[in-house]
Chemist: 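Here's a structure for you.
Each ligand, and each atom within it, is numbered from 1 in the order the structure gives. In what follows, residues are counted from 1 in the order of the sequence shown. Both backbone and side-chain heavy atoms feed into the values below; hydrogens, waters and symmetry mates do not.
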Amino acid sequence: MQIAEHTVASFHYTLTNPDGEVIDASPDGQPLAYLHGAGNIVPGLEQAMEGRAAGDRFDVVVSPDQGYGVRDPGLVQVVPRAAFQGVDVIEPGMQFQAHNGQGAMVVTVAAVDAEAVTVDGNHPLAGVPLHFSIEIAQVRAATAEELAHGHVHGAGGHHH
Ligand code: ZN
């Protein structure tokens, strides 16, 4: 069976940045499962999956606009240190939930001094070309329930 609309594919992956550093990888023996065509994975990777079958191995480079987006400088903000009441230690790289008019977003601390904290609301991988090394583990038909929910149930997917 080939990966197409209404199939569930599970795959092993290693994600590296352009410097060759590993950013993320599927745990040993635990492939990630996704529902094809439902936007569960970044668009560029989903496109590259189309038509693949179990056992296929390939590498693909996904550009930021097909990955986690381009960086938006408007999402970098300087906020008073006092906005972090109850947090004793603030260091670059820490992540916080921030609430604004549109709801909650995750921000990453970019810099900190005595009075102010610079936070970045961009996805940590925004602007980064993504180098995926993929091995397809399994392809199967999606169940009616998975199609209705828009995600995979069971191994490698949602449990609820
Ligand atoms: Zn569900």
Side-chain angles (χ1 to χ4, degrees), residues 1-18 20-72 74-77 79 83-84 86-87 93-110 119-160:
M1 178 176 274
Q2 289 184 325
I3 298 176
E5 206 82 355
H6 300 172
T7 62
V8 167
S10 57
F11 61 98
H12 301 280
Y13 71 95
T14 303
L15 171 58
T16 51
N17 66 18
E21 293 162 347
V22 175
I23 302 168
D24 193 14
S26 48
D28 264 353
Q30 293 174 49
L32 178 75
Y34 81 102
L35 174 61
H36 190 76
N40 295 165
I41 58 177
V42 294
L45 181 58
E46 189 164 53
Q47 253 168 39
M49 290 290 201
E50 187 88 29
R52 308 281 183 174
D56 283 2
R57 290 166 183 259
F58 62 97
D59 290 341
V60 60
V61 180
V62 174
S63 60
D65 63 310
Q66 293 294 306
Y68 291 101
V70 294
R71 282 187 58 80
D72 178 359
L75 293 178
V76 179
Q77 287 184 310
V79 296
F84 292 84
V87 184
M94 290 175 75
Q95 294 192 313
F96 292 91
Q97 284 267 0
H99 300 271
N100 60 20
Q102 284 92 53
M105 69 188 296
V106 174
V107 299
T108 306
V109 174
V119 295
D120 187 347
N122 286 288
H123 188 283
L125 294 178
V128 178
L130 309 169
H131 294 236
F132 285 101
S133 206
I134 303 291
E135 181 184 352
I136 309 294
Q138 192 199 29
V139 184
R140 64 168 170 84
T143 66
E145 192 183 49
E146 286 171 329
L147 291 173
H149 286 206
H151 57 227
V152 174
H153 292 161
H158 284 244
H159 298 272
H160 62 138

Chemist: Is a side-chain donor or acceptor of Glu146 paired with a backbone partner of Thr143 at a separation under 3.5 angstrom?
Modeler: yes
Chemist: Hey, does the side chain of Ser26 reach the backbone of Tyr13 with a donor-acceptor pair shorter than 3.5 angstrom?
Modeler: yes
Chemist: Output, by chain and residue number, all protein N/O/S atoms separated from the Zn ion (ligand 1) by less than 2.8 Å.
Modeler: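 Listed by chain and number, the nearby protein N, O or S atoms are His149 ND1, His151 NE2, His153 NE2, His160 NE2.
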Chemist: Could you check whether atom CZ of Arg140 has more than 12 heavy atoms from other residues, nucleotides or ligands sitting under 6.0 Å from it?
Modeler: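 Correct, the count exceeds 12.
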Chemist: Keeping the roles fixed (side chain from Asp120, backbone from Thr108), state whether a donor-acceptor pair exists under 3.5 Å.
Modeler: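 Not at all, since once roles are kept as given, no pair shorter than 3.5 Å links the two residues.
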Chemist: Say whether, by atom type as modelled, one donor and one acceptor occur between the side chain of Asn40 and the main chain of Gly150 under 3.5 angstrom.
Modeler: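 It does hold such a pair.
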Chemist: Do side-chain atoms of Glu46 reach the backbone of Ile41 as a donor and acceptor pair under 3.5 angstrom?
Modeler: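 Flag not set: sc Glu46 to bb Ile41 has no pair under 3.5 Å.
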